[in-house]
2 protein chains.
Amino acid sequence: MPILGRRDHIIDVAIRLFCEHGFHATGVDRIMREAKVSKKTLYNHFRSKDELILAALQQHDSVFRNNFVKDVEQLANTPEGQLIAIFDAAEAWFSKQNFFGCMFVNVVGEYSDPTSPMRDVSRNFKQMIWRYIVSLCVEAGAKNPEKLANELALLFEGAIVTAQISGSALSASTAKNVAKQLLAANLAKKADK
Amino acid sequence: MPILGRRDHIIDVAIRLFCEHGFHATGVDRIMREAKVSKKTLYNHFRSKDELILAALQQHDSVFRNNFVKDVEQLANTPEGQLIAIFDAAEAWFSKQNFFGCMFVNVVGEYSDPTSPMRDVSRNFKQMIWRYIVSLCVEAGAKNPEKLANELALLFEGAIVTAQISGSALSASTAKNVAKQLLAANLAKKADK
DNA sequence: GGCAAGGGAAACAGATCGGTTTCCTTTGAG
DNA sequence: CTCAAAGGAAACCGATCTGTTTCCCTTGCC
């Protein structure tokens with residue numbers, strides 16, 4: 001009912017439908033039906049479907065990263081521990097009923113133009129995740145934090161897609177296992193403390 | 001003109017368009033226009049668009065794996081070398097002009113029903129790649145070939161998606177670097193020969 | 001030459017797409 | 001109470017979707 005909540009509500013419904021069925025397959029009629037708003041209201045808040053898609057991506061970008069970082073910080077309180085906890089948080093994510101892979105991976109499969117604003121948001125999301133991992137690597141005292149972050153981000157990405165296709169969350173522990181080896185090889189020993 | 005080549009030609013065009021623009025966004029009108037066949041001919045070979053999608057996925061499954069294995073075998077002639085060469089072949093793949101990510105990753109973003117035949121083909125493709133890696137790990141004398149293959153497949157998957165989103169082929173060498181470390185840790189030393 | 005089969009072009013069908021407009025009701029602030 | 005703004009329901013628009021059908025022309029085979 002509150003005016004300010006309407007827009008966010010539409011975006012929430014749109015995110016859910018886009019994640020589950022894709023972007024082209026999800027019509028505005030269905031979004032408006034499930035959000036229980038009229039088409040007039042929807043187009044009062046968004047000039048076009050593309051603008052709604054973009055708003056959904058940006059909202060999901062913000063919310064997902066915020067929650068993910070919070071989850072990781074709740075699972076461990078040292079930088080090394082948090083780098084590993086990323087994969088525990090991932091496993092919990094993969095195990096959710098409404099897990100349909102990464103929205104930002106799914107969107108690039110439907111919009112191939114590299115100058116598309118959807119791809120900009122997608123690239124930006126992955127870069128933000130990477131920077132987060134870099135910052136943890138720096139705190140953990142990695143010799144080459146950016147290189148280590150590249151490797152950990154790659155494992156993360158691979159685990160997400162593998163979980164999506166296989167329908168199993170096992171890939172998270174596979175990635176976690178490799179991550180542990182990478183940390184052992186790239187982090188200063190505790191003796192250095 | 002040959003009757004037998006028509007069906008394959010339609011499939012080839014469909015694969016190209018599905019990879020570049022996605023499945024829902026690619027209409028049969030466009031496929032038929034670019035394949036230079038009439039709609040009658042198209043529906044004479046395929047009962048529905050879904051059947052064409054399925055045929056395209058199966059064809060791509062077969063052709064891609066065949067070519068990929070051939071590329072790997074051309075790049076190295078030992079099992080250890082081939083396990084590494086996977087990522088060199090990947091880099092060449094990522095660098096192609098018409099690289100739009102993995103068709104089987106893209107398709108699961110548009111068809112979320114786990115019982116969908118499209119997802120069956122996708123799962124099967126990833127499993128075939130995994131089995132190929134397992135066989136190389138066995139030949140290379142890995143202690144736990146299936147576990148090592150899980151890890152290498154994860155790196156492979158992560159490299160593909162990262163290349164697709166970033167638009168850069170650098171992820172291949174990142175994955176290759178990690179793969180080398182994994183092989184060094186999991187393969188019997190040369191002294192054992 | 002004649003003839004059946006296949007294919008091309010295009011009309012057609014019914015549904016759905018994104019998006020606009022109309023009309024009427026609700027609602028909140030002065 | 002009044003009145004303007006906002007929202008809901010639904011008609012409407014033109015375009016596009018998958019899929020079917022019609023008509024005509026080519027082509028290969030006997």
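Each chain gets a letter, A, B and so on, in the order the sequences are listed, and its residues count up from 1. Quick caveat, the model's predicted, so the values are computed rather than measured.
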Integer-rounded Å distance: D:dG7 P and A:Tyr43 OH: 16 Å
Phosphate OP1/OP2 of D:dA6: any A:Asn44 side-chain N/O under 4.0 Å: no
Toward the 5' end of DNA chain C, by each residue's nearest nucleotide, A:Ala25 or A:Arg47: A:Ala25
Under-3.5 Å donor-acceptor pair between B:Lys39 side chain and D:dG19 base: yes
Value in whole Å for how far the C1' atom of C:dT16 lies from CG of B:Asp29: 14 Å
Every protein N/O within reach of nucleotides 22-24 of chain C N/O, cut-off under 3.5 Å:
residue : atom : partner : partner atom : Å
C:dC23  : N4   : A:Lys40 : NZ           : 3.2

Smallest separation among heavy atoms of B:Ser168 and B:Leu170, with atom names: OG-N, 3.0 Å
Separation between OH of B:Tyr132 and CD of B:Gln82, rounded to the nearest 0.5 Å: 5.0 Å
Whole-Å gap separating P (C:dA9) and CG (B:Leu42): 13 Å
Under 4.5 Å side-chain linkage, directly or through intermediates, the cluster mates of A:Phe100: none
Side-chain heavy-atom pair A:Phe125, B:Ile165 within 4.5 angstrom cut-off: no
Integer-rounded Å distance: C:dG6 P and B:His45 NE2: 10 Å
B:Arg6 vs C:dG8: side-chain N/O to OP1/OP2 distance below 4.0 Å: yes
Rounded interatomic separation in angstrom, taking CD1 from A:Ile31 and P from C:dT16: 16 Å
d(NE2, A:His24; C1', D:dT18) in whole Å: 16 Å
Side chain of B:Ser38 - closest among C:dG8, C:dT20, D:dT18: C:dG8
Nearest-neighbour nucleotide for the B:Lys49 side chain, D:dG7, C:dG18, D:dG19 considered: D:dG19
Among D:dT18, C:dT20, C:dG7, the nucleotide that comes nearest once only the side chain of B:Thr41 is considered: C:dG7
Euclidean distance, atom CE of residue A:Met32 to atom C1' of D:dG7 [Å, nearest integer]: 12 Å
Spacing of OG belonging to A:Ser166 relative to CH2 belonging to B:Trp130, to within rounding of 0.5 Å: 11.5 Å
Any side-chain donor near an acceptor of the partner, A:Ser171 and A:Thr174, under 3.5 Å: no
Spacing between A:His21 atom NE2 and C:dT16 atom P, to the nearest angstrom: 15 Å
Counterpart residues, salt bridge (Lys or Arg N to Asp or Glu O under 4.0 Å), relative to B:Arg131 (two or more places apart): none
Closest nucleotide among D:dG7, D:dT18, C:dG19 to the A:Ser48 side chain: C:dG19
